[in-house]
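Basis for what follows: all heavy atoms, side chains included, without hydrogens, waters or symmetry-related copies. All chains are named by letter (A, B, ...) in the order of the sequence lines, taking the proteins before the strands, and each is independently numbered beginning at 1.
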Amino acid sequence: MSTHADTHEHHHEPGLQHQFEDMKQQEESVSIGMWMFLVQEIMFFGGLFTAYLVFRSKYPMAFAAGSNHLDVVMGFVNTLVLIVSSLTMALTVYYAQKGNRNMQVILILLTMFFGTVFLGIKAVEYTDKYNHGVVPVTGLNRVVKAPSGSGESNLEFEQTYAGLSSSEPAKPASGEHEYVNPKGEFQWHEFELIEHTVKEQEENPSAHLLTDNEKIAYFSNDKFDQNKFRDKVRIFFFIYFVMTGLHALHMIVGLGLMTWLLWKAWKNTFSAEYYMPVEMSGLYWHFVDIVWIFLFPLLYLLGRHFIHS
Amino acid sequence: MENHNEQQHEHMNIPKYVGVFLVLVVGTILTYVVALQDLDWIFPGANTLLALGIALTKMTFVMLFFMHVYWSPKLVWLAAAGSFFWLAIMFAFTMQDYLTRGSGVFGH
Amino acid sequence: MQNTSWVPLFPDQASTFAWQVDALYFYLIAISVFFTVGIVAAVFFFAIKYRAKEKYETPDEIHGSMVLETVWSIIPFIISMTIFLGGAIIYFQQYTSPPEGMEIYVVGKQWMWKIQHETGQREINELHIPVGTKIKLTMTTEDVIHDFFVPAFRTKADVVPGRYTYMWFEATEVGKFHLFCAEYCGLNHSGMGGWVYVMSKDDFEQWLSGNTAGQTPVEAGKDLFQNKLGCASCHAGGPQQRGAKLEGLFNSDVKLVGGQTVKADEQYIRNSILNPASQVVEGFQPIMPTFKGQVTEEQLNALVAYIKSLSPGAAGSSPGGAAPGAPAMTNTNAAAANKPAPAKPAAKPAANSNK
Amino acid sequence: MQTQDAIIPGSAPEPKLNYLTNGSTLRSWLLTKDHKRIAIMYLITVSLFFMMGGMYAAAIRLELLTPASDLLQSGTYNKVFTQHGILMIFFFLIPSIPAILGNFLIPLMIGAKDLALPRVNLLSLYIYWIGGALTLWALMQGGVDTGWTFYAPYSTTFSNTYVMAVGLGIFINGFSSILTGLNFIVTIHTMRAPGMTWFRLPLFVWAHYATSLVMILGTPVVAITILLLALERVAHIGIFDPTVGGDPILFQHLFWFYSHPAVYIMILPGMGVISELISSFSRKKIFGYEFIAFSSIAIAVFGFLVWGHHMFVSGQSIYAGLVFSFLTMVVAVPSAIKVFNWTATLYKGSISYDTPMLYALGFLGLFLIGGLTGLFLGSVGLTVHLTDTYFIVAHFHYVMVGGQVIAYLGGIHYWWPKITGRMYSEFWGKISAMLVFVGFNLTFFPQFILGYQGMPRRYASYPEEFQVLNIFSTAGASVLGVGLIMPVIYLTHSLIFGKKAGDNPWILPGLEWRTSSPPPTENFEVMPVVTWEAYDFSDENGLDIDEIKRQQAELATA
Ligand code: HEA
Ligand code: HEA
Ligand code: CUA
Ligand SMILES: [Cu+2]
């Protein structure tokens, strides 16, 4: 495309690889390559979004319940943090194009700082989920001992367990829920909203409060079944963990990239002529931001309005 | 988006970056506030639709200005648009099955 | 009604769908032959006519023709639409159940078909139906996906865990037809099949009233063992054998997993059939499915009698009346797509399945 | 470099080193960034996987010789066909033409020094090796028995074989495919030589462009699907497991979203090869160049709209079934256009019958049958009867073996002199091509009949009335096996004993024929400038025919 057959005098430019004729060709190649990579990433997350879509349309109430359990404030703050980091990233590119080393270094550090804050908040959230026993994998939740005095038999565990789960939401005792979870299993005790909805639906059969699918999926022998509902909430949390987990993994890779950039910027590598690495890392960083822009409403906000109605 | 059209020929500068940033912040606050209102009276699912609308707008801003798609060659536009088109295919054709199950194949 | 020609080319036509599917098939064969013969003939003709007279000579250039391109895009498109329409019409019938008809419930399970008639009769790997009657199947599975396939009827449908699927057909021929499981379902997928018996309406009435008289318990047991219940698919001996050897079993001492030894009396045999997992023979996997609820008390007695007859030397004692027959499969007219509470996969050690 | 002289006067002297001789240490191979060396390393590994897959095929056919499952117990048989499918599809057929011939030839054909991202290219080879090694390890440990389609919930909850390890191997391998596709797209966009406009690109390049699109857009989805499957297996999370609210059909949607487009990854490159072969051996510009080029893109795009045709009886809605059936018919049309254009190219050509051309003609017939039987399967009412029977087995072997593998063999023969600088034995080449053709038809044609009869696939034992046709099939497979082993022998033999081929043995205008054989590491001594159309056999194509003939005569007497 932009090659010239006659000249071979191109070896003066920094960072030009042997297979290219000139910088322009190289930049174009790298940029297209990065965009193709992002396309690939979009499809990768796309599979998860499809799963989200399918299950949300199957079990909207369970998803709302699960979503309401998430900490909106943390999600909200995290969204802002990521947006700030996107701004600093964009400015990094801006200053790299200007060849301003100090600003680059400062902004990269800031970007990394906000990225780390994001991950930190995420870690707090995850720990919280661990403590509340809503990690959908058995064994990855906090093990809660039975109140002292209870025997060793499984039966007794189950009785305590059943008693708690069907009663009003477990009372906070010294900041913790008082439930029994010997194996670190998935826990779910919040049934007011759904039980309320079920009742309304039964009183008013023509209303569309539950979907046809839900009218089967949450019921056993025509009665609302907490266990079946719990399974569906568990699916929400599974999707939540896979999506945010994969997103966090991308953040970590992004931080790695930033470290490398920092090193390069420190050595003052970038200039108006050569700033591709910054620009490309920026594309990646913004992409990860965009994923979160969708995750926030889809995971944290989807059922909020039920609480307030 | 309209008010950014005149930037077509000049490059981004710091005030503009900050402007985009503010749009994103406002969008985030808006999406949060709106999520607390029950919009089901408009039509069921209005909340979700609105939330997605805001998210799409935010995404558009990030892509156009932070990722410089606005000034990029057609191929980049194509890649960006194409991948969302493909996502749409995946969603639409999967849901076309689920949403027509009731009266569908194995249904009575 | 088995096809007996040396190289059978077409399966029996035994349902109302069969001729339609066959007609579509012949239509497609005609199209295929037309295009294949046309193109292959053209290739041969060109290949001979225009073979290089001299190596590496250059013929005249031809660039292409818009007219031709249009023609050979539009014609295949039109033809393919006729194919689509034909298929769509048949498909619509196949998967839209008629309002009236005889309902039969089918449950797939690794690796057998359990069938229950509205009147309560239960069968395994066999389906008896009357000719000329619309049969509607309501199907599900206890474990993985299977597929109920009767080639002679030209129809099939997957059975999916966690929901019900439906299919229907109307048999047009009296006879015995293959029933296959067509969706891969694990170890004994190829053994998961049996027969569909299409009977005249009178015969079917006879069958419904359970008139299979004239057999001794041993004969009846043998029939159950080899055909009706599919025990032989595991216990037949030979390299396929996955189940324990039953010849000489009666009154012998059996070593169980866990070191215990028990005497194989009637009670033991009975228990092996109803609760196979409770006493697993050493050296075997606990794969034998339970037959609780699928065999009646008389059938159980017949089976025990038959298994005893495999050990001629052992002293016989008459099978005693034990607990009354267990209730049927729980699969009654539950709401469509209601979860049929599939059995948990039998004792899968977590360590194993995590590979 | 005599051919270059015609374009650029005063070019460089005869190259001393070619890509094979430029460095002979193991390190110089393993750390190479040269696309040609990477292609050779792919060739070797991919062939090994093909042989393994072939041995599994032999085991399948031997077992099916008799109705009972006597040679292999059903447990073993299940593993055998699963591993046959997995190795053949993910580790042989998908990388076959793109990673070997595409890798080797795309830079040569567009006049570039290398692919745009050589390090990414090497990375993709390593990823392929890692994924392959992991899979092989899992097969040695005990293998996997889920079928290559990994349907849930069998794969997630019931199978106690090495599903995770094999899944991980395929997951990793997927990224090799993604990176190759990415590299091709970038290369085709930015690395074309001056004058090499889009519509001067050989159709082989167009086909690879389309293939790459599918690789980038489809492969990530199967990656995430396998990831979910693995999570379901370890954590019993309920996304595919119906006992806790999951949906096994969702797995099928996600799987086929990739795997139907993937069948076009498995045929488009072959179609690219055939376009080259038919044009070259009729010595004519291909008929309807633009139509063939755009039909590749159309296949890639429409290929994403039809995945539900694998799920007609799975429990998806009647409406979805009809839509997918309709679109399946639409996607067949671009393939039809290609077939007609290839046939028309022969018209008034100057056709010679070297081995590659025999393969090309074989492809035409076999792909035709394979594709037309695809229409049987796309017609939903008929598929209800045909699905999961041997009819499908026959269909996909016709398109995959009769199509892509035959094209691959044709391509290997055709470019063998370019790749190695040596000529293979025409005599043995022709014999083997014919054995493959006959053996192939004998193996798989009876399976159409078996399928319509109702013999289900993945059966270790089958009712006796199906035996006769199965015997035919097994007999055919042995002929096919012999036909396929022969090239391994005579091609290897030719490496040392073959005649020197010369730079342009078939006297063709393509850019890849205008450099030396084997090409130098930098591909061209002098960067070419393209002034001719694709497949230009006229006098304006800048070839010095007399010089080429002189070189050939020299080689003949030497
Ligand atoms: C290289 C791989 C390849 C290719 C190219 C194709 C091509 C096609 N395939 Fe195939 N297919 C597979 C590989 C492939 N397939 C595999 C591996 C499976 C099984 C997977 C599994 O379950 O394990 C499968 C299964 C499969 C099914 C699912 C069957 C089932 O499980 O129920 C269907 C259904 O529609 C189908 C259809 C088609 C169609 C319509 C085409 C079309 O693209 C074909 C187009 C070509 C032509 C039509 C020929 C040329 C045309 C003419 C000469 C003109 C005449 C044309 C008209 C009149 C339209 N295929
Ligand atoms: C690229 C894909 C590909 C290729 C090339 C082949 C090649 C062959 N396949 Fe395969 N096949 C599949 C893909 C492929 N297959 C898939 C995806 C399935 C479905 C799996 C599933 O259900 O999950 C399948 C299933 C399948 C079945 C059905 C099994 C069943 O459902 O029960 C059968 C049965 O005949 C079969 C046979 C053959 C034969 C005889 C060949 C022959 O063409 C092979 C000939 C090749 C060789 C013999 C190797 C070449 C030889 C050498 C390089 C020399 C060294 C070799 C020896 C010394 C032996 N295949
Ligand atoms: Cu059940 Cu196959
Ligand atoms: Cu397909």
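Proximity to chain B is limited to the side chain of A/Ile290, based on heavy atoms less than 4.5 angstrom apart. Only the side chain of A/Tyr95 comes within contact range of chain B, with heavy atoms under 4.5 Å apart. With a 4.5 Å cut-off on non-hydrogen atoms, A/Val84 touches chain B through its backbone and its side chain both. Using a 4.5 Å cut-off between heavy atoms, A/Gln40 does not touch chain B at all. The parts of B/Thr28 that come within reach of chain A are both its backbone and its side chain, each placing non-hydrogen atoms under 4.5 angstrom from that chain. Only the side chain of A/Met36 comes within contact range of chain B, with heavy atoms under 4.5 Å apart.
The greatest number of non-hydrogen atom pairs below 4.5 Å with chain B, out of A/Phe45, A/Phe287, A/Phe76, A/Trp285, is found for A/Phe76. Looking only at heavy-atom pairs under 4.5 Å with chain B, the residue among A/Ile83, A/Ile42, A/Val72 that has the most is A/Ile83. With chain A as partner, the option from B/Asp97, B/Ile14, B/Ile54 having the largest number of non-hydrogen pairs under 4.5 angstrom is B/Ile14.
Between the OG atom in B/Ser72 and the CG atom in A/Leu283 there is a gap of 8.0 Å [rounded to 0.5 Å]. One finds the NE2 atom of B/His68 at 6.0 Å from the CD atom of A/Gln97 (value rounded to the nearest 0.5 Å). How far CG of A/Leu80 is from CG of B/Leu24: 10.0 Å, rounded to the nearest 0.5 Å. One distance of note links CD1 of B/Ile89 with CE of A/Met43; it measures 8.0 Å at 0.5 Å rounding. Rounded to the nearest 0.5 Å, atoms CG (A/Asp289) and CE (B/Met59) are 12.0 Å apart. Atom CZ in B/Phe93 sits 13.0 Å away from atom OG1 in A/Thr50 (nearest 0.5 Å).
B/Ala35 and A/Leu301 make their closest contact through CB-CB, 3.8 Å (heavy atoms, listed as atom of the first residue, atom of the second, distance). Closest approach of A/Val39 to B/Ser83, counting heavy atoms only: CG1-CB, 3.8 Å. For the pair B/Tyr17 and A/Leu91, the tightest heavy-atom approach, listed with the atom from each and the gap, is CD1-CD2, 3.6 Å. Contact record, A/Gly47 with B/Met90: N-CE, 3.6 Å, taken as the closest heavy-atom pair. Of all heavy-atom pairs between A/Pro297 and B/Thr31, the closest is CB-OG1, 4.4 Å.
For the pair B/Leu75 and A/Trp35, the minimum side-chain heavy-atom distance is 4.5 Å or more. Looking at heavy atoms from C-beta onward, B/Tyr32 lies out of side-chain contact with A/Thr79 at the 4.5 angstrom threshold. Under the 4.5 Å side-chain criterion, counting only non-hydrogen atoms from C-beta, A/Leu298 is in contact with B/Leu52. Between A/Val54 and B/Thr94, the closest side-chain pair of non-hydrogen atoms falls below 4.5 Å. Residues B/Phe66 and A/Val93 are not in side-chain contact: their nearest non-hydrogen atoms beyond the backbone lie 4.5 Å or more apart.
Between A/Phe49 and B/Phe91, the ring planes lie perpendicular to each other; the angle is over 60°, past the 30° to 60° tilted range.
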*asked:* For a side-chain contact (heavy atoms from CB on, under 4.5 Å) check, start with the C-alpha distance between A/Leu302 and B/Thr48, then their side-chain angles and the critical distance, and finish with the verdict.
replied: CA-CA 7 Å; A/Leu302 72 96; B/Thr48 308; 5.6 Å; no

